[in-house]
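When a residue number appears, it is its place in the shown sequence, counting from 1.
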Amino acid sequence: MKRVAVVILARDPARVEEALRAAVGLTLRGARVDVILRDGDVPRDERTLRSRATLIALGHRVGASLSAMRECDAVEVWT
């Protein structure tokens, strides 16, 4: 099983939400996902909260540290 780090550096709420949805999409392909978020810049809208909750419920790490990238097979960066 592939492990993917999704690093979200974007500040635009729509872009952050899109990145989280993409992370959910990666799980549908069987990947384990570690989401690394920019501190304090995460929007709290309904869609973003739902995507985060889905990832957490499926056992993926949301709010992982940058060091998590060392354990991953691939890194996807959203700006």
(request) Answer yes or no: is there a side-chain heavy-atom contact under 4.5 Å between Arg44 and Arg52? (result) yes
Do side-chain atoms of [X] reach the backbone of [Y] as a donor and acceptor pair under 3.5 angstrom?
X     : Y     : result
Ser51 : Arg47 : yes
Arg3  : Asp73 : no
Arg32 : Gly59 : yes

(message) Is there a side chain to side chain contact (heavy atoms under 4.5 Å, CB included) between Arg21 and Arg50? Walk through the geometry before answering.
(response) CA-CA 9 Å; Arg21 280 184 301 152; Arg50 186 172 43 231; over 6 Å; no
(message) Determine whether Ile8 and Arg38 satisfy the following criterion, side chain to side chain contact (heavy atoms under 4.5 Å, CB included), listing intermediate values before the conclusion.
(response) CA-CA 6 Å; Ile8 304 174; Arg38 179 187 289 265; over 6 Å; no
Using the rule that Ile, Leu, Val, Met, Phe, Trp and Tyr join whenever any side-chain heavy atoms are under 4.5 Å apart, tell me whether [X] and [Y] fall into a single cluster.
X     : Y     : result
Leu66 : Val75 : yes
Val33 : Ile56 : yes
Leu58 : Leu20 : no

(request) Over all heavy atoms of both residues, which pair between Ile36 and Ser65 is shortest? Give the atoms and the distance, please. (result)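 So the two residues come closest at CD1-O, 3.5 Å.
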(request) Grab the two heavy atoms, one from Ala23 and one from Val35, that are nearest each other, plus how far apart they are. (result)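 Minimum heavy-atom contact is CB-CG2, 4.1 Å.
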(request) Applying side chain to side chain contact (heavy atoms under 4.5 Å, CB included), run through His60 and Val6 and close with a yes or a no. (result) CA-CA 11 Å; His60 302 280; Val6 178; over 6 Å; no
(request) Under the side-chain hydrogen bond (donor to acceptor under 3.5 Å, both in side chains) rule, collect the residues that match up with Arg61, sequence neighbours excluded. (result)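 For Arg61, the residues satisfying side-chain hydrogen bond (donor to acceptor under 3.5 Å, both in side chains) (neighbours in sequence not counted) are Asp34, Glu71.
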